[in-house]
Amino acid sequence: MSEKGGSLLLAEFNANFSFNYSAGRYASYFFKKLKEQKQIMGIRCSKCQRIFVPPRPACGFCFERNTEWVDLGDEGTLWGYTVVQFPFLDPLTGEERPIPYGYGFIELKGASTRLQHFVTASDLNKLKIGLRMKAVFREERKGSLADILYFQAIEE
Amino acid sequence: MARRAKRNVAIVATGQTDHRSKRPDVNIVEMIHEAVRRCLNDAQMSMEEIDGVVIGNMEHFEGIFATEMWSADSAGYLLKHGMKITTGGTTGTSLALAGYYHVASGLFDTVMTIGWEKQSEGETTAGLIFQADPLWERATMSGAIGSFAASATAYMNKYGITEEQAAKVAVKNRGNAFNNPHAHLKMELTVEQVLKSKMLAYPIKMLDMCPTSDGACAMIFASEERAKRVCTNPAWVIAGVTRHDQPFGGDLEMLADLRTLRSATEEAYKIAGIKDPLKDIDVAELYEPCTFAELSWYETAGFCGPGEGGKLIDSGVTYMDGELPVNPSGGVLSTNCIGATAMIRVAEAAIQVMDKGGKRQVPNVNRAIATGFGGSWWSDVMVLSKTP
């Protein structure tokens with residue numbers, strides 16, 4: 001057996017196949033409100049009062065079933081962020097994702113968790129922790145998180 | 001909750017490939033076989049003496065979803081007990097924990113665990129994006145780099161940790177890697193070089209981030225009776241703990257307060273009787289996907305107080321000649337074949353306890369810890385000891 005790699009083969013596999021995920025009851029309601037009323041909804045645990053966004057069926061801390069929807073508004077605070085500037089293959093498109101882009105975690109008022117999304121400012125270099133951020137919505141909304149284009153810094 | 005197993009279990013052997021960015025000379029099964037042979041050689045055991053095998057990797061990197069089918073013969077579990085475990089970044093520690101639990105249960109006397117990854121055969125960042133929720137996270141997240149970067153800004157902001165302090169971790173670990181014959185990246189670096197390396201996603205630069213590697217690791221867990229027969233100086237497993245958390249990145253603090261690691265180390269320390277981690281632990285193999293993570297997780301694992309990770313590296317405590325050397329192997333910053341990465345932490349901790357570290361050996365190791373990190377910020381911890 002040869003110990004050298006030179007004549008060894010490499011097999012390529014390129015194929016397209018699709019997946020279909022059920023969004024579920026909670027996300028379906030969230031995206032309906034987002035699409036129809038531009039509302040970002042969280043869900044409250046009736047026991048510990050934590051408010052979760054994205055919404056989910058149960059509070060992991062109390063194991064209560066979550067039932068109480070809360071409108072979180074469209075403004076929040078930037079908790080952490082980065083500017084992604086390395087090239088990578090986006091599995092959603094099969095092509096490189098456009099860079100650079102701002103990415104961050106937004107604390108919506110009242111929420112116990114943060115929402116991750118695209119973030120931007122008049123200049124990406126002006127992003128900083130603690131900035132007030134406002135959701136910018138798509139004109140033609142389809143009922144997905146992409147109905148929010150990004151969160152824009154509110155600058156003086 | 002916190003308790004010792006009723007049956008003593010030890011790690012009696014480890015085997016690793018020589019990890020590289022690409023191994024086109026072998027296919028997946030051949031690479032696994034290499035680590036298995038090395039492990040058996042280390043133990044001076046034959047496959048017949050192994051009661052069962054637990055194997056795993058992170059499947060969406062290579063798109064190979066049936067490693068247990070492909071590898072049963074070459075990994076030694078043909079017509080024998082065999083299981084696959086795949087938990088993302090923690091796959092390697094999940095496997096090690098499973099090996100430990102298998103033997104501790106009394107149902108098996110010797111179990112081999114095998115973790116592997118051939119990162120070069122797929123797309124790492126795309127694979128990690130696939131791990132994220134399709135409705136909420138895939139469009140925006142950019143794999144490990146972007147997630148760590150956004151958490152790192154929050155960590156720096158909270159405690160005043162600097163990029164220079166983080167850079168020291170890269171210098172330390174890739175320098176340590178020169179002493180490890182299996183390590184992938186061995187580099188003589190300066191803080192300046194790390195700071196000037198290409199910006200990937202602020203504040204993470206190229207040299208702040210782990211590489212992607214091809215490699216495999218195997219270990220043998222044995223009951224006390226078996227361990228004493230095959231090994232003069234085994235590494236006894238004192239505690240093995242795993243913790244999971246909420247599903248979304250925005251639910252959690254990966255840096256500054258990785259509560260899965262805090263909870264897992266607290267429980268493991270309780271079981272092992274560790275009161276002052278810095279003094280009571282002789283060496284740590286910490287799963288550090290990026291420089292900032294090592295600093296932050298010093299704090300979370302109780303090596304120092306909250307926000308003191310930067311000061312701890314400044315003081316030299318975690319260097320090879322310090323009070324608690326962290327990652328003598330070179331860590332994840334030097335080698336990252338993901339399904340094997342967390343198991344390499346356990347294997348390297350075992351090597352230290354067994355006094356088999358060669359040039360990377362820390363003197364007088366009685367107690368070592370190893371951690372694993374992965375998925376939606378979950379953590380595993382194992383405590384190993386020279387005495388059962």
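Letters A, B, ... are given to chains in the order of the sequence lines, protein chains preceding strands, and every chain is numbered from 1.
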Exercise. Drop me the distance from A:Tyr21's OH to B:Asp133's CG, to the nearest 0.5 angstrom.
Key: 9.5 Å

Quiz prompt | Minimum heavy-atom distance B:Ile129-A:Leu89, with the two atoms named | solution = CD1-O, 4.5 Å

Self-check item: CG on B:Asn27 to CG on A:Leu9, rounded to 0.5 Å
Solution: 11.5 Å

Exercise. Taking all heavy atoms of B:Ala150 and all of A:Trp79, pick out the closest pair and write down the distance.
Key: O-CZ3, 4.5 Å

Quiz item: Going by the angle between their ring planes, with limits at 30° and 60°, are A:Tyr81 and B:Tyr202 parallel, tilted or perpendicular?
Solution: parallel

Quiz prompt | Contact winner vs chain A - B:Ser142, B:Ala149, B:Gly146, B:Ala154, heavy-atom pairs under 4.5 Å | solution = B:Ser142

Quiz item: What part of A:Phe52 is in contact with chain B, defined as an atom under 4.5 angstrom from a non-hydrogen atom: side chain, backbone, both or neither?
Solution: side chain

Quiz item: A:Phe118 and B:Ala139: which non-hydrogen atoms are nearest, and at how many Å?
Solution: CZ-O, 3.3 Å

Quiz item: What heavy-atom pair brings B:Met141 and A:Gln116 nearest, and what distance separates the two atoms?
Solution: CB-OE1, 3.8 Å

Self-check item: Exceeds 12 heavy-atom contacts within 6.0 angstrom, atom CE of B:Met199
Solution: yes

Quiz item: Would the number of heavy atoms belonging to other residues, nucleotides or ligands and lying under 6.0 Å from CZ of A:Phe63 be above 12?
Solution: no

Quiz item: Where does B:Glu123 contact chain A at under 4.5 Å (heavy atoms): side chain, backbone, both or neither?
Solution: side chain

Exercise. Please examine the side chains of B:Asp251 and A:Arg56, heavy atoms only from C-beta on, and report whether any two atoms are closer than 4.5 Å.
Key: yes

Quiz item: Which pairs count as ring pair (Phe, Tyr, Trp, His ring centres under 6.0 Å) when at least one residue sits in residues 122-156 of chain A, sequence neighbours excluded?
Solution: A:His117-A:Phe151

Quiz item: Which distance, rounded to the nearest 0.5 Å, do you find between the CE of B:Met209 and the CZ of A:Phe86?
Solution: 8.0 Å

Exercise. Could you tell me which portion of B:Ile204 (side chain, backbone, both or neither) has an atom closer than 4.5 angstrom to a non-hydrogen atom of chain A?
Key: neither

Exercise. Using modelled atom types only, decide if a donor and an acceptor are shared between the side chain of A:Arg114 and the backbone of B:Gly249 within a distance under 3.5 Å.
Key: no

Practice problem: Would you mind checking which part of A:Val83 comes under 4.5 Å of any heavy atom in chain B, side chain (CB onward), backbone (N, CA, C, O), both or neither? | Solution: backbone

Quiz item: Taking every heavy-atom pair that is under 4.5 Å apart, which of A:Val53, A:Thr82, A:Thr113 has the most such pairs with chain B?
Solution: A:Thr82

Practice problem: Mark yes when over 12 heavy atoms from residues, nucleotides or ligands other than B:Arg37 sit less than 6.0 Å from its CZ; otherwise mark no. | Solution: no

Quiz prompt | Smallest separation among heavy atoms of B:Thr153 and A:Ile129, with atom names | solution = O-CD1, 3.1 Å

Quiz item: Between B:Met206, B:Met156, B:Lys158, B:Arg259, which residue shows the highest count of heavy-atom pairs closer than 4.5 Å to chain A?
Solution: B:Arg259

Practice problem: Give the member of A:Pro91, A:Ala111, A:Gly80 that has the highest number of heavy-atom pairs under 4.5 Å with chain B. | Solution: A:Pro91

Practice problem: Indicate the atoms forming the closest heavy-atom contact of B:Trp136 with A:Leu145, along with that distance. | Solution: O-CD2, 3.3 Å

Quiz item: What residues of residues 62-70 of chain B sit under 4.5 Å from chain A when you count only heavy atoms?
Solution: none

Exercise. Could you tell me whether a side-chain N or O of B:Arg138 sits under 3.5 Å from a main-chain N or O of A:Asp90, the two making a donor and an acceptor?
Key: no

Self-check item: Residues that B:Arg23 engages under side-chain hydrogen bond (donor to acceptor under 3.5 Å, both in side chains), provided they are two or more places apart
Solution: B:Asp25, B:Glu34

Quiz item: Rounded to the nearest 0.5 Å, how far does CG of B:Leu135 lie from CZ of A:Phe31?
Solution: 5.0 Å

Quiz item: How long is the gap from OH on A:Tyr103 to OG on B:Ser147, to the nearest 0.5 Å?
Solution: 4.0 Å

Quiz item: What's the spacing between B:Thr125 OG1 and A:Glu96 CD if we round to 0.5 Å?
Solution: 11.0 Å

Quiz item: Which pairs pass salt bridge (Lys or Arg N to Asp or Glu O under 4.0 Å) with one or both residues in residues 195-210 of chain B, sequence neighbours excluded?
Solution: B:Glu163-B:Lys205, B:Glu192-B:Lys196, B:Lys205-B:Asp208

